[in-house]
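Have a look at the structure below before the remarks.
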2 protein chains.
Amino acid sequence: MTTSPSGGSLAGSGDAGKKLRPARTNATKQKLFEASMELIGERGAAGVTVDEIATAAGVSKGTVYYNFGSKSDLIAQLLRHGVDILLARLLSVRDDSADPLAAMEEMIGQAMDFMAEYPSFARLWVSENWRTPSEWQDTFAELRGRLLAVIGSAIDSVAAVYPVDSGVSRGSLETAIFGACFVVGLDRQTYNPERTREQSVAAIMASMRGYVVKQPPAQA
Amino acid sequence: MTTSPSGGSLAGSGDAGKKLRPARTNATKQKLFEASMELIGERGAAGVTVDEIATAAGVSKGTVYYNFGSKSDLIAQLLRHGVDILLARLLSVRDDSADPLAAMEEMIGQAMDFMAEYPSFARLWVSENWRTPSEWQDTFAELRGRLLAVIGSAIDSVAAVYPVDSGVSRGSLETAIFGACFVVGLDRQTYNPERTREQSVAAIMASMRGYVVKQPPAQA
DNA sequence: CTATTTGAACTGACTGGTCAGTTTAGTTAG
DNA sequence: CTAACTAAACTGACCAGTCAGTTCAAATAG
């Protein structure tokens with residue numbers, strides 16, 4: 001029985017100076033994350049073998065099981081890792097001043113950048129997110145909640161400043177925007193590479209602009 | 001050597017009177033469609049075995065290979081079958097008179113109903129749609145095009161009557177709405193069953209209402 | 001009306017191969 | 001010394017696709 005670390009993601013949080021303890025860098029985990037993100041994004045979690053992942057990461061199969069307890073764990077940690085990155089980007093948008101609509105637009109832009117940079121993560125997410133009895137059900141529920149909370153609070157900021165359409169529930173709007181980010185980002189990657197970042201952001205922002213009220217829509 | 005049919009979907013097109021020729025009904029194919037839609041929607045194409053599909057359909061494994069040439073073919077035909085149903089519903093919305101925005105809203109409502117009725121198809125779609133070298137790449141491209149065309153023409157109808165935001169490209173908007181339909185529908189099924197059809201439609205329609213212009217968006 | 005034939009539809013055991021996960025003995029580097 | 005990692009062999013399960021054989025309803029023959 002190998003004494004594996006198998007723990008959380010590659011935090012390396014409070015280990016500044018010492019240089020030795022945290023077992024070198026987490027370069028191996030990082031490489032495994034990158035390799036599996038790529039492969040799993042392309043062919044799905046079930047379509048990729050542990051051997052392939054190990055080879056792609058330039059590492060032996062045993063190392064995968066040393067660093068992660070199982071294929072399933074690897075994927076769960078991969079999901080957390082990706083969401084951590086996305087969350088960091090979304091939270092980098094400082095709401096403090098200015099127009100909350102502009103903040104929203106910047107957040108969507110950050111999301112589009114993320115999708116462009118980590119399309120494989122986006123594919124993994126949409127591939128596995130809605131499976132009903134899934135090994136990662138709880139992981140997804142938690143991560144989804146964390147992401148939606150950020151979007152939700154951005155929507156709240158808008159609703160606090162602008163008059164909004166009360167017929168649109170915040171929850172549904174969150175979901176629609178969140179989902180649109182993934183789908184528009186992926187579609188751009190797969191089917192419409194000529195589409196610009198701005199076009200994509202504008203299309204998603206349309207729902208925010210429709211959320212803030214104008215005069216009642218002109219009874220045709 | 002069995003002379004297998006393996007052909008297109010369960011058409012039975014022009015064989016009205018004669019009663020005998022078209023080899024009974026296509027009951028078997030239909031049952032296989034239903035069973036595989038369910039299973040594949042839950043666990044993904046790679047996660048389901050042909051044996052399972054056969055058993056769930058109350059049929060032997062050989063029958064699957066008799067009716068379809070391979071697991072891959074089965075899934076390709078399954079995709080076509082589902083899209084045919086969805087397309088039929090979208091096209092059932094008659095555009096002829098009235099407000100194109102109302103037509104749009106009804107189309108989105110139809111899409112939500114479809115997602116509620118065939119959540120497994122929706123899961124299959126989002127699971128496999130954006131995989132890069134996929135066996136069904138061409139199938140997806142074709143079907144996606146057909147669906148987007150319908151949505152696109154509905155958007156055009158709106159743009160023909162209302163003044164719209166020219167900063168939003170039709171293509172991106174199509175994609176955003178199309179994607180939002182799937183994602184909102186699936187999310188409702190998986191995470192928010194309490195959400196009503198109307199809430200979901202309203203959230204998606206927000207993007208259309210943001211697409212038609214009001215006074216230029218209030219330079220904050 | 002009965003007997004025989006045909007062939008499409010279907011069956012399920014079997015094959016060849018794959019894969020997750022384990023184990024072990026050894027290597028490297030801090 | 002020890003944590004991290006390697007390389008390779010192995011197990012036990014699982015699975016896509018095949019194929020020789022069965023069933024039965026309709027067509028044909030007598």
Between [atom2] on [N] and [atom1] on [X], what's the gap in Å once rounded to a whole number?
X       : N      : atom1 : atom2 : answer
A:Asp51 : C:dG17 : CG    : P     : 18 Å
B:Phe68 : C:dC10 : CZ    : C1'   : 14 Å
A:Tyr65 : D:dC10 : OH    : P     : 19 Å
B:Asp73 : D:dT18 : CG    : C1'   : 16 Å
B:Lys71 : C:dG17 : NZ    : P     : 19 Å
B:Ile53 : D:dG17 : CD1   : P     : 11 Å

Taking the minimum atom-to-atom distance to the side chain of [X], which one of [options] wins?
X       : options                : answer
A:Ser60 : C:dC19, D:dG17, D:dA7  : D:dA7
A:Tyr66 : C:dC10, D:dC5, D:dG17  : D:dC5
B:Asn67 : C:dA20, C:dC10, D:dA16 : C:dC10

*asked:* Looking only at the side chains, is there a donor atom on one of B:Ser72 and B:Glu135 sitting less than 3.5 Å from an acceptor on the other?
replied: yes
[X] vs [N]: side-chain N/O to OP1/OP2 distance below 4.0 Å:
X       : N      : result
B:Thr28 : C:dC10 : yes
B:Lys61 : C:dG12 : no
B:Ser70 : D:dG17 : no

*Start with the C-alpha gap between B:Gln137 and A:Thr190, add the side-chain angles, then the distance that decides, and say whether side chain to side chain contact (heavy atoms under 4.5 Å, CB included) holds.*
CA-CA 10 Å; B:Gln137 222 171 348; A:Thr190 312; 5.9 Å; no
*asked:* If you take the centroid of each ring, where Trp contributes its six-membered ring, are A:Phe33 and A:Phe68 closer together than 6.0 Å?
replied: yes
*Please check if the distance between the ring centroids of A:Phe140 and B:Tyr191 is under 6.0 Å.*
no
*When all nucleic acid strands are considered with a 4.0 Å heavy-atom cut-off, which category describes B:Val48: base, sugar-phosphate, or nothing?*
sugar-phosphate
_Under 4.0 Å, counting only non-hydrogen atoms across every strand here, what does B:Thr63 touch: a base, just sugar-phosphate, or nothing?_
base
*Short question: side chain of B:Asn129, backbone of B:Trp125 - any donor-acceptor pair under 3.5 Å?*
no
